[in-house]
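Since the structure is predicted, the reported quantities are computational estimates derived from the model, not experimental observations. Note that ligands are numbered from 1 as they come in the structure, with each ligand's atoms numbered from 1 the same way.
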Amino acid sequence: MNKKEKWSLSPSLESTQHVSIQKQYSLYINGKWVKPNSGIYFPSINPADESHLSSVAHANEKDVDLAVKAARAAFPSWSKLAPSERAKYIYRIARVMQEKSRELAVVETLDGGKPIRESRDIDIPLACNHFFYYAGWADKLCYAFPNRKVEPLGVAAQIIPWNFPLLMAAWKIAPALATGNTVVLKPAESTSLTALKLAEIIDEIGLPKGVVNIITGFGDTGAALVNHPDVNKIAFTGSTQVGKIIQKAIVGTSKKATLELGGKSANIIFDDAPIDQAVEGIVNGIFFNQGHVCCAGSRLFVQENIADKVIRKLKLRLKSLYVGNPLDKNTDIGAINSKEQLEIIKSFISVGKKEGAEIYQPTCEIPKKGYYCPPTLFLNVAQSHTIVQEEIFGPVLTIQTFRTIDEVIQKANNTPYGLAAGVWTDKGSRIFNLTTKLKAGVVWANTYNKFDPTSPFGGYKESGFGREGGLHGLAAYTKLS
Ligand code: NAI
Ligand code: MG
């Protein structure tokens with residue numbers, strides 16, 4: 001190929017014809033769509049082109065109270081329903097989600113900016129699988145917890161973030177229902193639409209009224225839900241900052257909590273690793289979902305003797321990443337979720353430069369409208385750099401080198417977080433050695449960002465506590481005696 005020749009990809013846009021988004025969404029409380037007490041609706045924006053998608057209700061304290069009361073009223077009969085009947089409802093949710101998966105994928109991409117390939121192949125199938133998986137457990141709780149009495153906790157208040165909107169709703173709702181709890185769920189303000197589509201599905205399958213209530217709004221809505229005296233359990237995924245506020249708010253109450261917070265996870269490449277595979281793993285680790293991933297492999301550690309080679313290959317790979325319209329099936333990196341998040345990422349990039357790190361960004365054409373950020377590498381960074389310490393939540397990777405195992409363990413653990421890590425090596429014993437020494441809830445070996453409903457997920461230290469997924473995920477919604 002002539003070196004100057006430029007390859008361009010013909011657009012391959014996913015159709016939006018089959019998608020129905022209402023102009024306005026009210027709150028889904030007690031099996032009905034009700035107007036918010038506040039009378040206020042706020043816009044949901046498509047971050048890819050800044051267009052207005054819909055208006056969504058802003059729930060206030062009174063709305064929160066109505067939703068919690070509905071969940072409380074539904075609790076006695078739902079928790080006493082034969083577990084096999086509960087399973088059927090959860091199974092129906094999974095089936096209808098599967099039937100509507102194409103529409104759900106497009107809505108997820110429109111509202112949140114993630115590439116259609118990801119919402120179609122990862123978010124939506126995984127969300128369905130969570131419902132299928134927990135439907136299976138509903139009538140087998142005595143096998144999940146042998147010789148124990150298993151009881152639900154009551155009303156679960158669930159607050160979710162904007163990076164995996166429908167998937168996080170599934171992670172939270174499925175185990176809560178399987179164990180006989182009732183739910184009030186609040187999606188994030190920039191990505192309410194797939195949760196509202198889920199409310200339509202829940203309505204369609206005839207789930208008893210009040211068992212799942214979905215209310216939309218901002219941080220004040222979330223805070224009102226956390227502080228409501230009649231909730232028994234709080235499940236939160238989001239920033240460490242808000243996680244700390246929630247922890248303070250529930251001190252001295254009997255409310256149970258699981259907090260899934262931020263991260264600054266290490267991705268470690270040893271010199272015996274399959275290099276090309278590792279480069280793909282690095283790319284997947286940090287550029288999947290624009291880096292809006294709590295467990296993103298945002299700190300890369302490469303063994304010194306292969307650093308030049310890995311960095312050269314990584315830079316080359318970055319040049320082939322396609323940044324642009326999330327609905328285009330060619331797109332690797334879609335839109336940043338919101339204007340606010342783009343500002344946060346940009347300010348971290350300028351801090352990185354100011355602190356003296358060396359930046360690399362491939363030249364790529366970025367759409368004029370919408371919120372976009374090119375894939376970014378930072379070299380020559382030290383442990384003390386802000387961009388090495390703080391969660392950026394964007395497509396920004398810091399690169400450091402190491403010589404010995406002890407050195408990399410010490411560096412990888414030198415963070416207030418402890419959510420995930422990746423290890424790339426040919427040696428099984430080295431993997432086992434590292435999994436015991438890295439202070440991270442999940443350690444992937446020769447892969448990254450692999451999720452499965454059967455496998456528990458969660459963090460240490462400032463990444464939060466409690467586990468979601470698998471048997472551990474059931475335990476978090478039960479009282480065992
Ligand atoms: P956030 O933590 O404020 O939002 C997450 C959810 O919590 C949303 O539904 C929000 O409405 C709700 N919320 C906000 N304040 C609340 C309060 N006082 N009480 C109860 N609920 C509340 O995250 P935000 O502001 O959207 O993003 C800021 C930063 O947080 C990001 O730049 C990123 O670094 C981090 N983040 C991390 C996530 C993760 O999964 N680790 C997810 C989202 C954000
Ligand atoms: Mg949006």
Interatomic spacing from CZ in Phe378 to CD1 in Ile392 - rounded to 0.5 Å: 7.0 Å

Start with the C-alpha gap between Leu177 and Trp78, add the side-chain angles, then the distance that decides, and say whether side-chain contact (heavy atoms from CB on, under 4.5 Å) holds. CA-CA 9 Å; Leu177 295 188; Trp78 177 250; 4.0 Å; yes

Answer yes when Asp230 and Lys69 have at least one side-chain N-carboxylate O distance shorter than 4.0 Å, and no when they do not. no

Short version for Glu260: what comes under 4.0 Å of ligand 1, heavy atoms counted, is neither

Please state which protein non-hydrogen atom is closest to atom 34 (O) of ligand 1 and give its distance, to 0.1 Å? Glu391 OE1, 3.1 Å

Would you check the N or O atoms of Ser239, main chain and side chain alike, for any that come under 3.5 Å of an N or O of ligand 1? yes

Hey, is the Mg ion (ligand 2) within less than 2.8 Å of some N/O/S atom on Thr191? no

Taking only non-hydrogen atoms of Trp162 and a 4.0 Å limit, the atoms of ligand 1 in range are 24 (P), 26 (O), 27 (O)

Keeping the roles fixed (side chain from Ser38, backbone from Asn60), state whether a donor-acceptor pair exists under 3.5 Å. no

Among all protein heavy atoms, pick out the one at the shortest distance from atom 16 (C) of ligand 1; state its residue, atom name and that distance to 0.1 Å. Val242 CG1, 3.4 Å

One should read off an interatomic distance between Tyr89 OH and Ile202 CD1, to the nearest 0.5 angstrom, of 13.0 Å

Considering distance alone, does some N or O of Gly217 sit under 3.5 Å from an N or O of ligand 1? no

Any donor-acceptor pair under 3.5 Å linking the side-chain atoms of Ser26 with those of Tyr41? yes

Any idea which protein heavy atom is nearest atom 10 (C) of ligand 1, and the distance to it? Glu189 OE1, 3.5 Å

To the nearest 0.1 Å, how far is atom 43 (C) of ligand 1 from its closest protein heavy atom, and which atom is that? Pro161 CB, 3.7 Å

Is ligand 1 under 4.0 Å from a heavy atom in the side chain of Asn163, in the backbone, in both, or in neither? side chain

Near-ring test Phe164/Phe288, centroid separation under 6.0 angstrom: yes

Side chains of Trp424 and Asn267, donor plus acceptor under 3.5 Å: yes

With atoms numbered from 1 as shown, which atoms in ligand 1 lie under 4.0 angstrom from a non-hydrogen atom of Phe218? 11 (O)

the protein heavy atom lying closest to atom 31 (C) of ligand 1 turns out to be Gln341 OE1, 3.5 Å

Among protein heavy atoms, which sits nearest to atom 38 (C) of ligand 1, and what does the distance come to when rounded to 0.1 Å? Phe393 CZ, 3.3 Å

Output yes if Ile45 passes the N/O/S-under-2.8 Å test against the Mg ion (ligand 2); output no otherwise. yes

Under 4.0 Å to a heavy atom of Gly219 - the qualifying atoms of ligand 1, by number: 11 (O), 13 (N), 14 (C), 15 (N), 16 (C), 17 (C), 19 (N), 22 (C)

Kindly confirm or rule out an N or O of Ile246 lying under 3.5 angstrom from an N or O of ligand 1. no

Which atoms from ligand 1 have a heavy atom of Cys294 less than 4.0 Å away? 39 (C), 40 (O), 41 (N)

In this structure, CD1 of Ile122 is separated from CD1 of Ile124 (nearest 0.5 Å) by 11.0 Å

Distance filter under 4.0 Å to Gly222 heavy atoms, resulting ligand 1 atoms: 19 (N), 20 (C), 21 (N)

Quick one: angle Ser190 O - the Mg ion (ligand 2) - Asp111 OD1, to the nearest 10°? 90°

Angle class for the Trp162/His292 ring planes (parallel below 30°, perpendicular above 60°, tilted otherwise)? perpendicular

Let's go through His228 and Val184 carefully: what are the C-alpha distance in whole Å and the side-chain angles of both, what is the deciding distance for side-chain contact (heavy atoms from CB on, under 4.5 Å) to 0.1 Å, and is it a yes or a no? CA-CA 11 Å; His228 195 290; Val184 180; over 6 Å; no

Where does the angle between the aromatic ring planes of His58 and Phe218 fall among parallel (under 30°), tilted (30 to 60°) and perpendicular (over 60°)? tilted

Can you label the angle between the His130 ring and the Tyr134 ring as parallel, tilted or perpendicular, going by 30° and 60°? tilted

Protein contact of atom 9 (O) of ligand 1 - nearest heavy atom, named by residue and atom, plus distance: Ile160 O, 2.9 Å

Phe236 contact mode with ligand 1 (heavy-atom cut-off under 4.0 Å): side chain

Can you list the ligand 1 atoms lying under 4.0 Å from a non-hydrogen atom of Gly262? 41 (N)

Which ligand 1 atoms are under 4.0 Å away from a heavy-atom of Lys186? 9 (O), 10 (C), 11 (O)

Are any non-hydrogen protein atoms located under 4.0 Å from atom 40 (O) of ligand 1? yes

Is at least one protein non-hydrogen atom found at under 4.0 angstrom from atom 25 (O) of ligand 1? no

How does Thr221 reach ligand 1, if at all, at less than 4.0 Å between non-hydrogen atoms: by side chain, backbone, both, or neither? neither

Interatomic distance, OG1@Thr182 vs CG@Leu153, rounded to 0.5 Å, equals 10.5 Å

Do you see a donor-acceptor pair shorter than 3.5 Å between the side chains of Glu355 and Thr386? yes

Can you list the ligand 1 atoms lying under 4.0 Å from a non-hydrogen atom of Ile159? 6 (C), 7 (O), 9 (O), 12 (C), 20 (C), 21 (N)

Between Trp33 and Tyr25, how do the two ring planes meet: parallel, tilted or perpendicular, split at 30° and 60°? tilted

